[in-house]
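Comments concern the structure below.
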Amino acid sequence: MDLSTIIGIGAAFGLMIMAILQGGPLSIFFDVPSAMIVIGGTIGVAFVHYPFSEVFGAVSVAKKTLLHKESSINNMIVQLMEFANKARKEGILSLQGAMESVEDSFLIKAMQMAVDGQEPETLRDMLSTEIEYIELRHEKGAEIFLSLAAYAPAMGMIGTLIGLVQMLQTMDDPSSIGPAMAVALLTTFYGAVLANIIFTPMSGKLKLRSQSEVLQKTLIIEGMQSILSGENPRIMEQKLHSFIAPKMRESMFK
């Protein structure tokens, strides 16, 4: 679980609810017609803009904002260095048995290509292509949430106009003015909440997750290419350390 996302959303909604309770009951901020206009309208417009498959795919990608296991770059470097030493001592085919202890599917694929005898440049080209398509998928997911962040306030404004029209048509009946005003104001409120607390932050988090994942996969490519080239482990470690900040670097050679 990604604690920062959970704590952030909890804090945003928690403080907002506390502020609401200072001025009256929470129930006055619940309005079914307003929710139908904003939530239903936003989802509907998303289906107009994007195919069903891409919208549902974005929901799957969004899980990365909540269910994400952050991998340590240093641990990955240490693991690659161990594989490099093993390959130098026992040959590249010795990595076949080492794959059983690897959890990262991308690293397993890279190791299998190395064991199968791929040339370093071929390995880089094939895996770099895979990274490019991973980036495209992630960008599409982030783009959809940015679009939702634009649609939600727009639907809120439409709901406001609906409420104002209803209010103006029933000005002679004071009892109907309140519900109409509630729809007018709450739709704007719902749209702003969805856009600024849910959709925009989720898009930003997905972009950060994508950058982190691409960095790690690029690191794997560099490491496996160095292993296939028989590069000196010290040189290889220095090359891999260039991917991280100096204060995070932990050398295996003391």
Side-chain angles (χ1 to χ4, degrees), residues 1-6 8 46-47 49-81 83-84 95-96 98-150 198-229 236 239-245 248:
M1 298 291 286
D2 182 48
L3 289 179
S4 67
T5 300
I6 296 171
F47 286 140
H49 190 162
Y50 300 99
F52 284 108
S53 59
E54 290 191 4
V55 175
F56 293 129
V59 173
S60 178
V61 171
K63 293 177 182 177
K64 291 180 178 291
T65 63
L66 294 174
L67 305 174
H68 180 75
K69 183 180 179 182
E70 192 71 43
S71 300
S72 169
I73 295 292
N74 265 321
N75 289 344
M76 180 61 71
I77 292 175
V78 169
Q79 193 172 37
L80 288 169
M81 293 301 300
F83 294 153
L95 297 182
Q96 182 74 53
M99 282 190 280
E100 298 176 0
S101 62
V102 177
E103 296 181 358
D104 190 293
S105 59
F106 191 82
L107 178 55
I108 292 174
K109 182 173 183 177
M111 292 172 70
Q112 188 63 61
M113 291 176 66
V115 170
D116 290 342
Q118 295 287 353
E119 293 296 322
E121 288 303 321
T122 303
L123 181 142
R124 171 184 286 276
D125 291 342
M126 293 178 67
L127 294 181
S128 294
T129 300
E130 182 167 340
I131 289 178
E132 289 175 6
Y133 282 100
I134 289 173
E135 285 185 287
L136 286 175
R137 290 195 296 272
H138 290 177
E139 287 175 4
K140 179 61 69 175
E143 176 194 320
I144 289 175
F145 280 99
L146 273 182
S147 297
L148 292 175
I198 302 297
F199 296 141
T200 300
M202 285 180 70
S203 175
K205 181 60 71 74
L206 286 173
K207 290 179 181 178
L208 290 176
R209 291 279 183 263
S210 178
Q211 291 170 3
S212 177
E213 186 174 340
V214 168
L215 174 67
Q216 182 158 313
K217 285 176 167 48
T218 305
L219 177 86
I220 289 172
I221 292 176
E222 290 292 339
M224 291 308 302
Q225 189 175 32
S226 294
I227 291 172
L228 280 175
S229 302
M236 174 181 166
K239 182 187 295 185
L240 298 183
H241 275 168
S242 65
F243 284 79
I244 57 178
M248 296 175 59

Study note, to complete from the structure: Of all heavy-atom pairs linking P120 and L228, the shortest is CG-CB, 3.8 Å

Point to revise | Listed partners of S229 passing side-chain hydrogen bond (donor to acceptor under 3.5 Å, both in side chains), at least two apart | key: none

**Study point:** Exercise: identify the closest heavy-atom pair between G223 and L240
**Key:** N-CD2, 3.8 Å

Review point. E139 and K207: side chain to side chain contact (heavy atoms under 4.5 Å, CB included), yes or no, with the steps?
Key: CA-CA 7 Å; E139 287 175 4; K207 290 179 181 178; over 6 Å; no

Could you give the side-chain donor-acceptor pairs of residues 124-131 under 3.5 Å, partners two or more places apart or in another chain?
{"residue": "R124", "atom": "NE", "partner": "Q225", "partner atom": "OE1", "Å": "2.8"}
{"residue": "R124", "atom": "NH1", "partner": "E222", "partner atom": "OE2", "Å": "3.4"}
{"residue": "R124", "atom": "NH2", "partner": "E222", "partner atom": "OE1", "Å": "3.1"}
{"residue": "R124", "atom": "NH2", "partner": "E222", "partner atom": "OE2", "Å": "2.6"}
{"residue": "R124", "atom": "NH2", "partner": "Q225", "partner atom": "OE1", "Å": "2.5"}
{"residue": "S128", "atom": "OG", "partner": "R124", "partner atom": "O", "Å": "2.7"}
{"residue": "T129", "atom": "OG1", "partner": "D125", "partner atom": "O", "Å": "2.9"}
{"residue": "E130", "atom": "OE1", "partner": "K109", "partner atom": "NZ", "Å": "2.5"}

Check your understanding: Is it true that a side-chain atom of S242 and a backbone atom of K239 form a donor plus acceptor pair closer than 3.5 Å?
Key -> yes

Practice item. Hey, could you give me the CE/CD1 distance between M224 and I227, rounded to the nearest 0.5 Å? Key: 4.5 Å

Exercise for review: Report the residues that fulfil side-chain hydrogen bond (donor to acceptor under 3.5 Å, both in side chains) with K217, sequence neighbours left out, ordered by chain and then residue number.
Suggested key: E213

Check your understanding: Mind checking what makes side chain to side chain contact (heavy atoms under 4.5 Å, CB included) contact with A149, not counting sequence neighbours?
Key -> A195, F199, T200

**Study point:** N75 versus Q79, side-chain donor and acceptor atoms under 3.5 Å
**Key:** no

Check your understanding: What do the steps show when you test L107 against L80 for side chain to side chain contact (heavy atoms under 4.5 Å, CB included), and what is the final call?
Key -> CA-CA 9 Å; L107 178 55; L80 288 169; 3.9 Å; yes

Review point. When rounded to the nearest 0.5 angstrom, what distance separates CD1 in I77 from CD1 in I220?
Key: 11.0 Å

Check your understanding: Where is the tightest heavy-atom contact between L123 and A114, given as atom of each residue plus distance?
Key -> CD1-N, 4.2 Å

Check your understanding: Quick one: side chain to side chain contact (heavy atoms under 4.5 Å, CB included) partners of F47, sequence neighbours excluded?
Key -> I43, F52, V55, F56

Check your understanding: Going from NE2 on H138 to CZ on R209, what distance comes out if it is rounded to the nearest 0.5 angstrom?
Key -> 11.0 Å

**Study point:** Separation between OG of S212 and CD1 of I73, rounded to the nearest 0.5 Å
**Key:** 6.0 Å

Review point. So, do F145 and K205 sit near enough that their side-chain heavy atoms are less than 4.5 Å apart?
Key: no

Check your understanding: Listed by chain and number, what are the salt bridge (Lys or Arg N to Asp or Glu O under 4.0 Å) partners of E119, not counting sequence neighbours?
Key -> none

Check your understanding: Do side-chain atoms of D104 reach the backbone of F106 as a donor and acceptor pair under 3.5 angstrom?
Key -> yes

**Study point:** Distance (rounded to the nearest 0.5 Å) between H49 NE2 and L148 CG
**Key:** 10.0 Å

**Study point:** Heavy-atom pair with the smallest gap, counting every atom of M111 and L95
**Key:** CE-O, 3.6 Å

Check your understanding: To the nearest 0.5 Å, how far apart are CE in M248 and CZ in F243?
Key -> 13.0 Å

Check your understanding: Taking all non-hydrogen atoms of both residues, which atom of A58 and which atom of I144 are closest, and how far apart?
Key -> CB-CD1, 3.7 Å

